[in-house]
Structure formats: C-alpha cells, structure tokens
Amino acid sequence: MKIHEYQAKEILARHGVPIQKGKVAFTPEEVEKVARELNVDKLVLKAQVHAGGRGKAGGIRLVNSAEEAKTVSEQMFGMKLVTHQTGAEGKIVRRLLITEAADIERELYVGIVLDRAKSQLVYMVSTEGGVEIEKVAAETPEKILKEHIDPAVGMQAFQARKIAFALALKGALLRPAVKTFMALYDAFVANDCSLAEINPLVVTKDNQILALDVKINIDDNALYRHPEIMEMRDLDEEEPHEVEASKYHLNYIKLDGDVGCMVNGAGLAMATMDIIKIAGAEPANFLDVGGGASVETVENGFRIILSDKNVKAVLVNIFGGIVRCDRVANGIIEATKNVGVDVPVVVRLAGTNADIAADILEKSGLDLLVANDLSEAAQKVVQALETK
Ligand code: GDP
Ligand code: MN
C-alpha cells in the first residue's frame, strides 16, 4: 500500500529521522492557518499525491508569507498533476503539506528495498540525490552504493558509518547521519515496508541533516499488523475499479486492452492473458475470482469488468477443480441476466462436470460462445471483436 509523504514522514519521525516542521491541509484557509502557526519566512507547499516527480510538474512551490501560501494553494488545490509517474491521466491535488523551507547545501539519495535474489534488504545510496535519481541509476549506476543487511543480525552501526562516509557526511554530520540511517532501517522493519526512500536527504546550509522528501510503501500482506497504517489509506489515489474489486476479495488489475478476462487462479489468469495476446488481441484486465467461484463472485466480476468502457468482449476461462463447472455455468447465466451484458461472451469451462456445464450453457438461450480449449477460446474472442 502506498501512503502520502506527510504520513510517511510522521512514521519516520517517530523512529528518529529528522524532518522539517509541517502539517497537512485540505483547504486554502487551513493552509494559511498552518503557515501562520509555523511562523517562518520561507515555506514550501507540497502537493500530496501518490507519485513522485512533483517538483518538475509544479507540485512543489516555495512561498514567503502566509498570505502568499493561501493564494498559491488556491492554484494548487484541484490541479491535475501530471508527472513521469502518474501517466497521462495525472492525479488531482486534494491535500497539501506545508513545511518550513530548508536552505539546501547538498541533496543526497538514500533508500532501502528488498533484494529478492539475495533475500536481504539492501541500502542504496548516492551523492546524486534530488529529482534526477532515475537518470543516475540508468546512466551512471556506479554512483549508487549498495550495502546489504544480514537479516540474522540486522543493520549494524559500522554499516551506517560506511554509508555516511560514502556520502561524505563527516565531522559534526557523522553522528546524526548514522542515527538517521539506523532509524530508517528500524522504521522499515517495524512497519513491514516494501520500500523506504529519502530523496532528497539534504545537508542544510547550517549543517543539519533533514529528510526533505520521503516515500514508504507497506507490504499489503502485513497490513493486518498495522491498523494505524491501514487508516492512512487514501482511496482517492487508487484505481476506482480496483478499489471496488477489493471489496469483493477479487484480485483485479486494470489494463489497457479490450478483452475482459474472468478467470479463477492467478496462473490461469496469466495464461489467459498470454493466449489473448498470441491470438492478436489485448487483455483489458487481470481478474482472479478465486478458487471457489460462486454465483456472487462471478456476478461481481462481470460488473467490474463491464464497468470498464474499453471492454468489447469477455472471455470466461474457469477450471472446475474446487468448484464444479455446472455450478459455474449456472453462475454465469445468473450473472449475465442480472448485470445485463451487452458484449459477446466466450466461455471455456474445463474440469469436473464440464460436459454438463456445456449443455447448460447451450440450452440457456443466452448468446454465449462456448469454447472447448484455450486456443479456441482466444480465437473466438478475437473473431467476436472483429465482427462487432
Ligand atoms: P518530488 O519532485 O516529488 O520528488 O518532490 P521533492 O519533495 O523531492 O521536491 C523536489 C525538489 O524541490 C527538491 O529536490 C528540492 O530541490 C526542492 N525542494 C523541496 N523542498 C524544499 C525546501 O524546503 N527548500 C528548498 N530550497 N527546496 C526544496
Ligand atoms: Mn523527491
């Protein structure tokens, strides 16, 4: 799960990462109030969206007074922020973080991710922090230092010192730097993060270390252990159809094609997407309705697939293992009646009672195209698209 910068900062600050004073606001009036409370000469207004690259897109603004903060925030609230991470549709700005502005001497990058190949967390750092870190990673990867952390012993102080030296954080900066790196690691582990990143970590002109921008993602499978983080979820930032699907415990990911897929089992769902592509079409979604596809899940699945206006045909590919095919067939008939399907539907059912299921679908009087195997199903769906 993704959370906002201001929420991530709250979490990291609790573990000892130094951050600027600041507060989130939802209206220009609140912005002015927060700015007055902060009572400093220079402020930063930061659009809170689940995407980076805000600086370059106009989502980070420096202002010099509470009045100016209010005026500028009026332009920012409601704006559509298009960054290299949002896609062309962009993200609407609904929340602003107001912080005191830092005077920046140097911008560094530090982050922790999981190195799956090594089964270890890895600290990645670079002296080239700021808004160009993707370019650094792509063009001069030697400028990124990696330090793996042994899970059996956890992060050691000598590793934090090694990172500090690599970033030329010496003298009076060494101690706060080491503390910050240990704190980021602690926060990562304590909150079951899948990513924790400070970019930039800055050295200020008065020689302080500050986490200017932070990002943390939480492992969804561990969220049940963190009810306080679960409350930070911002549904405005998520794909609406995916939010709807999660209510019914359906694994749904929206894609760009026009063939809606209803499949049980993640492996079969991926195989189905493959055969659709091989047959020359593009899947509109990944959808795993789960092992025991009931009438209700099939119906909800149809509703979600069809709410995507790009869908021109649906391919149902269900293997009757835990669930019998005849029950699925009845579910499909029920669901298509209730939901009102106005695109061609190709159905391929295999497994227990597949023959009975085929018979039920045949006799249903509904305009369903029955297929016997995967490639036939894919061909039929492509034909249906072409003749539409
Ligand atoms: P991002 O573009 O979404 O990664 O947002 P950041 O919070 O990282 O801000 C982008 C850039 O804006 C930073 O790299 C800084 O150069 C600048 N910036 C952000 N906050 C401050 C601040 O407090 N003072 C100054 N001088 N610049 C800032
Ligand atoms: Mn940043």
Side-chain angles (χ1 to χ4, degrees), residues 2-13 17-25 31 34-35 37-66 68-69 72-73 75-77 79-87 90-113 124-138 143-144 167 180 184 193 195-217 234 237:
K2 291 182 181 172
I3 57 175
H4 287 293
E5 174 195 2
Y6 76 94
Q7 297 164 325
K9 280 182 168 167
E10 245 170 58
I11 293 174
L12 294 187
V17 172
I19 59 165
Q20 294 144 293
K21 270 197 230 120
K23 212 172 158 188
V24 69
V31 169
V34 172
E37 282 165 12
L38 288 174
N39 195 22
V40 288
D41 299 338
K42 285 194 297 175
L43 297 150
V44 194
L45 303 185
K46 311 186 77 178
Q48 299 296 288
V49 293
H50 287 183
R54 297 163 301 169
K56 287 185 174 174
I60 309 283
R61 301 279 299 269
L62 282 129
V63 296
N64 298 309
S65 70
E68 194 189 351
V72 171
S73 77
Q75 300 158 17
M76 293 179 81
F77 279 119
M79 81 185 272
K80 195 164 85 175
L81 204 60
V82 181
T83 83
H84 64 274
Q85 290 185 3
T86 60
K91 296 246 182 204
I92 303 290
V93 178
R94 297 182 172 90
R95 310 175 184 201
L96 294 179
L97 170 63
I98 303 98
T99 68
E100 53 180 348
D103 276 329
I104 303 172
E105 181 75 35
R106 295 172 60 207
E107 299 197 24
L108 311 168
Y109 172 89
V110 307
I112 305 175
V113 289
M124 295 201 290
V125 306
S126 175
T127 52
E128 315 296 308
V131 296
E132 299 282 358
I133 191 66
E134 284 91 350
K135 210 171 139 206
V136 176
K143 288 192 175 160
I144 297 181
L167 296 174
T180 301
L184 184 64
C193 297
L195 169 102
E197 190 178 76
I198 307 177
N199 186 33
L201 176 74
V202 302
V203 177
T204 61
K205 292 221 188 310
D206 57 354
N207 223 29
Q208 305 281 320
I209 283 181
L210 270 181
L212 217 67
D213 182 21
V214 312
K215 173 177 178 175
I216 63 182
N217 293 347
D234 181 358
E237 295 288 322

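For reference, positions follow the sequence shown, starting with 1. Every number for a ligand or one of its atoms is a count from 1 in the order of the listing.
- No side-chain donor-acceptor contact under 3.5 Å links Glu5 to the backbone of Asp213.
- Every heavy atom of Lys42 sits 4.0 Å or more from the atoms of ligand 1.
- A donor-acceptor contact shorter than 3.5 Å links the side chain of Gln48 to the backbone of Lys46.
- The protein heavy atom nearest to atom 2 (O) of ligand 1 is Gly55 N, 2.8 Å.
- Protein atoms of type N/O/S that fall under 2.8 Å from the Mn ion (ligand 2) number 2 in this view.
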Val31/Phe77 under side-chain contact (heavy atoms from CB on, under 4.5 Å): CA gap, chis, key distance, verdict: CA-CA 11 Å; Val31 169; Phe77 279 119; 3.7 Å; yes
Worked check of side-chain contact (heavy atoms from CB on, under 4.5 Å) between Leu12 and Ile19: CA-CA 9 Å; Leu12 294 187; Ile19 59 165; 5.5 Å; no
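- When only non-hydrogen protein atoms are considered, atom 26 (N) of ligand 1 lies nearest to Ala102 O, 3.2 Å.
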Step-by-step side-chain contact (heavy atoms from CB on, under 4.5 Å) determination, His4 to His50: CA-CA 6 Å; His4 287 293; His50 287 183; 3.5 Å; yes
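- Side-chain contact between Thr86 and Lys80 is absent, with no heavy-atom pair separated by less than 4.5 Å.
- Taking each of Ile104, Thr99, Leu210 in turn, the one with a heavy atom nearest to atom 27 (N) of ligand 1 proves to be Ile104.
- Atoms of ligand 1 lying under 4.0 Å from at least one heavy atom of Asn199, given by number and element, are 8 (O).
- Under a 4.0 Å criterion applied to the non-hydrogen atoms of Pro200, ligand 1 contributes the atoms 8 (O), 14 (O).
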Side-chain donor-acceptor pairs of residues 201-212 under 3.5 Å, sequence neighbours excluded:
from   : atom 1 : to     : atom 2 : distance (Å)
Thr204 : OG1    : Asp206 : OD1    : 2.5
Thr204 : OG1    : Gln208 : N      : 2.9
Thr204 : OG1    : Gln208 : O      : 3.4
Lys205 : NZ     : Ile104 : O      : 3.0

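- Within the 4.0 Å heavy-atom criterion, neither part of Thr83 lies near ligand 1.
- A donor-acceptor pair is defined here as one N or O able to donate and one able to accept, closer than 3.5 Å; no such pair exists between the side chain of Lys143 and the backbone of Thr127.
- Between the Gln85 side chain and the Gly52 main chain, a donor and an acceptor come within less than 3.5 Å of each other.
- Atom 1 (P) of ligand 1 has as its closest protein heavy atom Arg54 N, 3.6 Å.
- Salt bridge annotation for Asp234-Arg94: absent, with no cationic side-chain nitrogen under 4.0 angstrom from a carboxylate oxygen.
- For atom 10 (C) of ligand 1, the nearest non-hydrogen atom of the protein is Val131 CG1, 3.8 Å.
- With a heavy-atom cut-off of 4.0 Å, Lys56 does not touch ligand 1 at all.
- A donor-acceptor contact shorter than 3.5 Å links the side chain of Asn199 to the backbone of Gly130.
- Counting the atoms of ligand 1 from 1 in the order shown, those under 4.0 Å from a heavy atom of Gln20 are 23 (O).
- The backbone N or O of Glu100 lies less than 3.5 Å from a partner atom in the side chain of Gln20, making a donor-acceptor pair.
- Short contacts between ligand 1 and Gly52, defined as distances under 4.0 Å to a heavy atom of the residue, involve ligand atoms 3 (O).
- Taking a cut-off of under 4.0 Å to the non-hydrogen atoms of Glu107, the atoms of ligand 1 that pass are 13 (C), 14 (O), 15 (C), 16 (O).
- Counting protein heavy atoms under 4.0 angstrom from atom 15 (C) of ligand 1 gives one or more.
- A salt bridge links Lys56 and Glu132; the closest N-O separation between the charged side-chain nitrogens and carboxylate oxygens is under 4.0 Å.
- Geometrically, ligand 1 and Val44 share no nitrogen or oxygen pair separated by less than 3.5 Å.
- Of all the heavy atoms of Lys46, the ones lying under 4.0 Å from any atom of ligand 1 belong exclusively to the side chain.
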